[in-house]
Colleague: 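Mind having a look at this structure? Questions to follow.
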Amino acid sequence: MSGSGDAVHNETKVISARSQARSKLSERRAELLKRISDNQRDLERALASLEKVDKAAVRRDAAIAKANEEFEKKKAAAELAAGRSLAQVAGRGETATSISELVDLDVAMVRRLVKLAEENNDSTPPTQGSSEGGSEAKEPTPDVPVAASGS
């Protein structure tokens with residue numbers, strides 16, 4: 001009889017071992033599902049955060065583009081105004097070299113600004129009796145001194 005008692009005892013051990021294995025597997029499966037769920041949640045958060053960075057970069061780039069556009073408009077207006085004034089000086093007989101020395105600009109810059117004013121038909125000849133007090137009628141030559149100066 002002791003043999004049948006051992007068989008029952010062994011069978012109970014086997015059932016108990018299977019039950020424990022199933023329980024452990026079930027726990028592992030639950031842990032795995034929780035880990036997958038937690039990973040998915042955190043990865044979604046990470047991606048959402050990175051999308052915010054992308055959106056911020058798009059806004060930044062748009063703001064930079066707008067600022068550059070505004071700068072270029074203001075720069076063009078300022079250079080045109082400078083060119084007009086320099087063309088007036090050139091119209092009174094100054095050369096590009098002498099103007100560049102007077103205003104401490106590169107000769108090429110002086111020529112470029114005067115040319116810009118000329119291209120925009122904004123270089124008007126000096127008026128007679130200007131604030132300089134000269135009442136002599138002098139033929140303005142805005143192109144000749146600046147363009148013809150070899151310096």
Side-chain angles (χ1 to χ4, degrees), residues 1-92 94-127 130-131 140-151:
M1 289 231 168
S2 69
S4 79
D6 285 340
V8 171
H9 182 65
N10 285 339
E11 192 175 314
T12 319
K13 280 184 173 181
V14 171
I15 292 174
S16 178
R18 284 184 192 156
S19 179
Q20 285 179 341
R22 285 185 187 133
S23 178
K24 286 182 181 181
L25 286 173
S26 180
E27 288 174 14
R28 284 185 183 175
R29 187 177 303 119
E31 289 172 2
L32 178 63
L33 290 174
K34 182 177 181 337
R35 189 176 91 216
I36 290 171
S37 175
D38 290 347
N39 286 348
Q40 181 178 355
R41 182 195 63 234
D42 290 335
L43 291 172
E44 287 171 355
R45 286 179 182 170
L47 292 174
S49 294
L50 292 175
E51 284 179 22
K52 290 178 183 179
V53 172
D54 290 342
K55 289 177 182 178
V58 167
R59 285 192 306 271
R60 177 206 59 209
D61 292 345
I64 289 171
K66 183 179 178 183
N68 281 335
E69 183 180 328
E70 289 175 13
F71 167 76
E72 290 299 329
K73 286 178 183 178
K74 289 180 180 184
K75 177 184 168 192
E79 287 182 344
L80 184 57
R84 289 175 183 156
S85 297
L86 295 176
Q88 292 289 332
V89 174
R92 291 185 206 102
E94 294 293 332
T95 64
T97 302
S98 66
I99 294 171
S100 73
E101 290 170 358
L102 291 170
V103 294
D104 197 30
L105 284 176
D106 186 66
V107 176
M109 174 65 87
V110 171
R111 287 188 181 124
R112 186 179 73 75
L113 293 173
V114 170
K115 183 178 179 183
L116 178 67
E118 291 169 353
E119 288 173 351
N120 284 280
N121 297 323
D122 288 326
S123 59
T124 54
T127 58
S130 67
S131 61
T141 55
D143 295 335
V144 176
V146 175
S149 72
S151 309

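Note that the structure is predicted; figures quoted are calculated from it, not measured.
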Colleague: Hey, could you give me each pair passing salt bridge (Lys or Arg N to Asp or Glu O under 4.0 Å) that has a residue in residues 96-106? Not counting sequence neighbours.
Modeller: none
Colleague: Quick one: side-chain hydrogen bond (donor to acceptor under 3.5 Å, both in side chains) partners of S100, sequence neighbours excluded?
Modeller: none
Colleague: E72: which residues meet the salt bridge (Lys or Arg N to Asp or Glu O under 4.0 Å) condition with it, sequence neighbours left out?
Modeller: none
Colleague: Just to verify, what does E79 make a side-chain contact (heavy atoms from CB on, under 4.5 Å) with, not counting sequence neighbours?
Modeller: K75, R112, L113, L116
Colleague: According to side-chain hydrogen bond (donor to acceptor under 3.5 Å, both in side chains), who are the partners of E31, at least two apart in sequence or on a separate chain?
Modeller: none
Colleague: Please tabulate, for the side chains in residues 41-64, all donor-acceptor contacts under 3.5 angstrom to protein atoms that are two or more places apart in sequence or on a different chain.
Modeller:
from, atom 1, to, atom 2, distance (Å)
R41, NH1, D38, OD1, 3.2
E44, OE2, Q40, NE2, 3.3
S49, OG, R45, O, 3.1

Colleague: Taking atom CZ of R111 and atom OG1 of T95, what is their separation to the nearest 0.5 Å?
Modeller: 8.5 Å
Colleague: Nearest 0.5 Å, please: how far is CG in L25 from CZ in R18?
Modeller: 13.5 Å
Colleague: If every non-hydrogen atom of A87 is compared with every non-hydrogen atom of A117, which pair is closest and at what distance?
Modeller: CB-CB, 4.5 Å
Colleague: Taking only residues two or more places apart in sequence or in another chain, which ones pass side-chain contact (heavy atoms from CB on, under 4.5 Å) with L32?
Modeller: R35, I36
